[in-house]
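Values reported hereafter were calculated over all heavy atoms of this structure, with side chains retained and with hydrogens, waters and symmetry mates removed. Every value quoted in this text rests on a predicted model; they were computed, and no experiment measured them.
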Amino acid sequence: MTGRGKVSLWRVHTMATKCIDYNFHEIEPHWQSFWEHNGSFRASNQSSQPKFYVLDMFPYPSGAGLHIGHPEGYTATDILARYKRARGFNVLHPIGWDAFGLPAEQHAVKTGTHPASNTQNNIVNFKRQIKALGFSYDWDREIDTTDPKYFRWTQWIFLQLFRRGLAYVDERPVWWCPELRTVLANEEVVDGKSEVGGFPVERRNLRQWVLRITAYAERLLADLKEVDWPESTKRMQEAWIGRSEGAEILFDLENRALGPLKIFTTRPDTLFGCTYMVLAPEHPLVDALTAPEHRADVEAYRRKAAAKSDLERTDLAKEKSGVFSGAYALNPVNGQRVPIWVADYVLMGYGTGAIMAVPAHDERDFEFATQFKLPIVQVISSGSGETKLPHVGDGALVNSPGYDGLPWPEAKRKITADLAARGVGKATVNYKLRDWLFSRQRYWGEPFPIVWVSAADYAKARALRGQDLPAEPVTFKDQGAVHYALPLPAGALPLELPNVQSYLPSGTGESPLANETAWLEIWFNVTTGAAVPASQPLPAGDGWVRGRRETNTMPQWAGSCWYYLRFLDPKNADALASPEALRYWGTPDLYVGGAEHAVLHLLYARFWHKVLFDLGVVPQGEPFKKLFHQGIILGEDGEKMSKSRGNVVNPDTIIESHGTDTLRLYLMFLGPLEAMKPWNPRGIEGVHRFLQKVWRELIGADGQVNPKVSDSAADPAELTKLLHETIRKVGDDIEGLRFNTAISQMMIFANALQKAPAVSTATARAFLQLLAPFSPHIAEELWSRLGGSGSVMAAPWPAYDAARLTATEVKLVFQVNGKHRGDQLVPVGTTQDDALALARANPKVAPHLEGRAVKRVVFVPGKILNIVVE
RNA sequence: GCCCGGGUGGCGAAAUGGCAGACGCAUCUGACUUAAAAUCAGAUUUCCGCAAGGAAGUGCCGGUUCGAGUCCGGUCCCGGGCACCA
């Protein structure tokens, strides 16, 4: 709490409202302004308290406003943040805006207004909505990824990637969306359509920036063992990285002039079963090795395959297609001639784009071989009886001279080693993970801090600032000329977006920035990073070269890859965050957000974090040690909420009708946080009634404290015991993110409160402290009215007394043959013999024992007595 | 096809291997009220029974156990993810 210098304000605001009934319209804004004036949620970077950093996935401020899914996750983290503060932690609970993105740009294309103004409008609206929910964010740390003070450091991180050779340029087939006029990452294409907008996409060759995430594949995979994440999310990342161990094997071609053909296989042990080879249609050797009499067929097939999108290629899985090339390779183990086919079930992008086909032990090869009547040779036997082909399971080798009888994993090792000894193969690891396509042909994104220069000018720059440049220059060839990528010096950042005439991308695939000649074509000072339009005279002095700026911008993921670090020290102008802040706060102790980011944001952020770790910027190897996904809230009809279905719930409506305390409570009471659950307006009434009941039990009809609540009142014994149970359960449940059962327990307590003839102020206040993280406004109001000093949140979390929880009597359940036959209150410590005697005497139990011999007695003290009879 | 989740009253759900259905919704009955709302008291898994009581019951089949919603094997259905990755 930082109340210094604000004593008078504090006084004014500590007072409760004057309302007589539970008037949330008055209470909620009142306490929100109290918190704001007191800076109640400011986190300090200097503190002797233990730290706790709880992070939400920051929202994209869309024009539609807050969706009900936002407050679900945000309420969960807010409860935890408030609880941890009460437990004496210095809590960092920040929020910001992931504000670059396509919708703002599309809006700009339509209206001609700058995307920044639309974005700012949306932020204002989001902020209003989020503030109305009463979340305990430290607004002094608010960040906006489109703010040059922020993206300066996004660009800085890119420069580090660039310097380490982790960013390069490549002309490659990419997903191009004609409607959006931009390329999309693999991850942004769903079922052949753009993830945003659902427009069709096609393949195009374009010059792109690519980040070498594959260099980190092994660590991204291995370090999943270190994090406390949902198992399903870890599995998804594992599958996405897709590691497989196998071997690269060289097959000599019959036409030895062409050199060997390199294939990748995970099953080198089946080498003797290879009856044909397949090259992807794009494989560079196809042209050279195709026999003249097959050329026409192969050419036709390649053209057909090129016209297909990846989707069609994979979608037409039912029937395989391919053509024979007329060429043959020689099997390195036995010199057998193997025909080479061209087929699009082999993908150029994985392995070497060429395979050895073993139809007996691979389903795809089996299907292909059957269709084209190619031989099938079994080399693995499942052991007993006939092996049904294709057999992809366990077994030992057959028909493999020198290896017969070996279990396949052993044979795999041995054959690989033997091939390696002869120099015709080696063990390798392959990943499905591809390098990350990192550029977009858009306006509304971070500009790349890169200027393209000539070879001679690059050499000049290298002499002046070699340490900023990668070991290998990044280049691309355009109409015979080679262009060199020269980074801006870090001191010249941020590189801001110029204003443009039109937000429409150019039809050639370049972003709207390509039309801004004055920004684009420049005299560039290689040491200072200063720029002057090339239309002006060459400035005096050394270090000026002619350059053209990079016109691509970064994808939306860039800003969200490191925002959790900026919150630690959001105003720092000298670094993305100070080393002290990075050391004190570390990484989030808990990260809550939707499961839809399982392989996108969460993989990219891990990659950047590891690079920053290697640079010595951050002290930990993983950014998010504990992750939790909130479930999706469905519409009332049990369907996914959507505008077209008309089942969308707007948080504003609920705040207006029931108040945010009710909304927050309801969102948490709906079911387990991680579950998918339907919205039910009736349920809101239920939790609202609970809050009204709490109010009524503590405040009388006249608006004064209920006469039954007083300092001198003696609580009924059961109420005291229940209070301590409730303190324990609510605390445990908050720690375990089981908010629904915590609320149930508070409801049970409220019901007891109602029945109690007298309640001590201390008990009432302790209960309000438990309620405060969930429904903070009403808790503050009642706390204040009961004479609590300051904020309810400033009071240390109540402790439960274990002694109060132990009862003197417990209910013992009597079972006969495992069936419940009766029960009885017994003193704690009742022995088995006594319990047995009680059971025999019990009128409900006795008839079931009559005339039957007792075989066994199971006794769980204080719980159960099970009598097993004949 | 493969990999994850999940199937419990009319509904949302709860249950360290130990009384299945806490808590809430909805419904019904009663009290208060001229009346309604609100509030309060009570009932509400199914079947048999006037009742006392009994029997069955956590998708389905089987197993382990004194005892299974919970653990194991199989199976069906629903949701999510991946999908010609050699």
Those residues at least two apart in sequence (or on a different chain) that pass ring-ring contact (aromatic ring centres under 6.0 Å, His included) with A/W679 are A/Y666

Nucleotide paired to [N] in any strand shown, Watson-Crick or G-U, under 3.5 Å:
N	result
B/G69	none
B/G57	none
B/U33	none
B/A38	none
B/G17	none
B/G10	B/C25
B/G1	B/C82

N/O contacts under 3.5 Å, protein versus nucleotides 49-58 of chain B?
unit_1 : atom_1 : unit_2 : atom_2 : d
B/A55  : OP2    : A/R821 : NH1    : 3.3

Side chain to side chain donor-acceptor pair (under 3.5 Å) pairs touching residues 267-278 of chain A, sequence neighbours excluded, are A/R267-A/D269, A/Y276-A/Y345

Residues 737-747 of chain A vs side chain to side chain donor-acceptor pair (under 3.5 Å), sequence neighbours excluded, gives A/T726-A/Q745, A/D733-A/R738, A/D733-A/T741

Residues passing the salt bridge (charged side-chain N to carboxylate O under 4.0 Å, His left out) test with A/R302, sequence neighbours excluded, are A/D287

Contacts of A/R413 meeting salt bridge (charged side-chain N to carboxylate O under 4.0 Å, His left out) (sequence neighbours excluded), chain-then-number -> none

Whether A/R606 engages the ring of A/W229 as a cation-pi pair (distance to the six-membered ring centre under 6.0 angstrom, angle to the ring normal within 45°) should be assessed. yes

Between [N] and [M], how far is it from one [atom1] atom to the other, in whole Å?
N	M	atom1	answer
B/G63	B/G9	C1'	28 Å
B/U34	B/C19	P	48 Å
B/U39	B/G6	P	37 Å
B/U44	B/C23	P	13 Å
B/G7	B/A14	C1'	16 Å
B/A13	B/A22	P	15 Å
B/G24	B/G74	P	41 Å
B/A37	B/A31	P	14 Å

Only distances under 3.5 Å count here; give the side-chain donor-acceptor pairs of residues 670-678 of chain A to other protein atoms, sequence neighbours excluded, each with its distance to 0.1 Å.
unit_1 : atom_1 : unit_2 : atom_2 : d
A/K677 : NZ     : A/E72  : OE2    : 2.7
A/K677 : NZ     : A/P672 : O      : 2.7
A/K677 : NZ     : A/L673 : O      : 3.1
A/K677 : NZ     : A/A675 : O      : 3.2

Sequence neighbours excluded, the answer for side-chain hydrogen bond (donor to acceptor under 3.5 Å, both in side chains) partners of A/H724 is none

Roughly, in whole Å, what's the span from [atom1] in [X] to [atom2] in [N]?
X	N	atom1	atom2	answer
A/Q237	B/G80	CD	C1'	16 Å
A/E282	B/C84	CD	C1'	14 Å
A/F264	B/C84	CZ	C1'	15 Å
A/H597	B/G81	NE2	P	13 Å
A/M236	B/C2	CE	P	19 Å
A/I241	B/C82	CD1	C1'	14 Å
A/E238	B/A83	CD	C1'	17 Å
A/L600	B/G81	CG	P	12 Å

Using distance alone, with no hydrogens and no angle criterion, decide if A/S325 and A/Y301 have a side-chain donor and acceptor under 3.5 Å apart. no

**Prompt:** So, are A/E218 and A/R243 salt-bridged, with charged N and O less than 4.0 Å apart?
**Reply:** yes

Would you call A/E725 and A/K729 a salt bridge, taking side-chain N to carboxylate O under 4.0 Å as the test? no

Per-nucleotide protein contact along nucleotides 4-29 of chain B, 5' to 3', at a 4.0 Å heavy-atom cut-off (B base, S sugar-phosphate only, - neither), is S-------BSS-B-BB--BBSSS---

B/G30 glycosidic conformation (syn if within 90° of 0, otherwise anti) is anti

Per nearest nucleotide of RNA chain B, the residue lying toward the 5' end, A/V868 or A/T352, is A/V868

Please confirm whether the shortest side-chain N or O distance from A/Y345 to OP1 or OP2 of B/A86 is below 4.0 Å. no

Hey, is the side chain of A/R696 poking within less than 4.0 Å of OP1 or OP2 on B/C40, counting only N and O atoms?
-> yes

Using only modelled atom types and a 3.5 angstrom limit, is any donor from either the side chain of A/K320 or the base of B/C84 paired with an acceptor on the other?
yes

The side chain to side chain contact (heavy atoms under 4.5 Å, CB included) partner of A/W436 among A/I213, A/L603, A/T214 is A/I213

